[in-house]
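See below for the structure under consideration.
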Amino acid sequence: MTTSDPLLALTMGDPAGIGPEIIVRAAAAGFQGPSVVVGDVRVMRRAAAQCGLLLPVASRSTPKVALLAEHLMGILGAQGAWEALERGAP
């Protein structure tokens, strides 16, 4: 990732929906690009387990440390995420 690469923030969606499963499968498959998941770490851990994936999921405090890594999915808590994320121009 370079400093000019935009950050993609993915919301997990409905905790009971398919969003969390889609995100953990994409992360396990090597999702390309700087990304962070905004949501609940417990829901994302449950989704990884339900999909049979050995993908570590950890709560992170800022977008930079929550970037999706090859062996770790960083989750930025929904509370305060709006203030923590830098928004681009429309």
Taking atom CG of Leu53 and atom CD of Glu21, what is their separation to the nearest 0.5 Å?
10.0 Å
Would you check if Arg46 and Pro20 make a side-chain contact, meaning some heavy-atom pair closer than 4.5 Å?
no
Could you state whether Leu55 and Val43 fall into the same hydrophobic cluster, counting links through intermediate Ile, Leu, Val, Met, Phe, Trp or Tyr residues with side-chain heavy atoms under 4.5 angstrom apart?
yes
Using the rule that two of Ile, Leu, Val, Met, Phe, Trp, Tyr join whenever any of their side-chain heavy atoms come within less than 4.5 Å, decide whether Leu10 and Met12 are in one cluster.
yes
Tell me the closest heavy-atom pair linking Val38 and Ala9, and the distance in Å.
CG2-CB, 4.4 Å
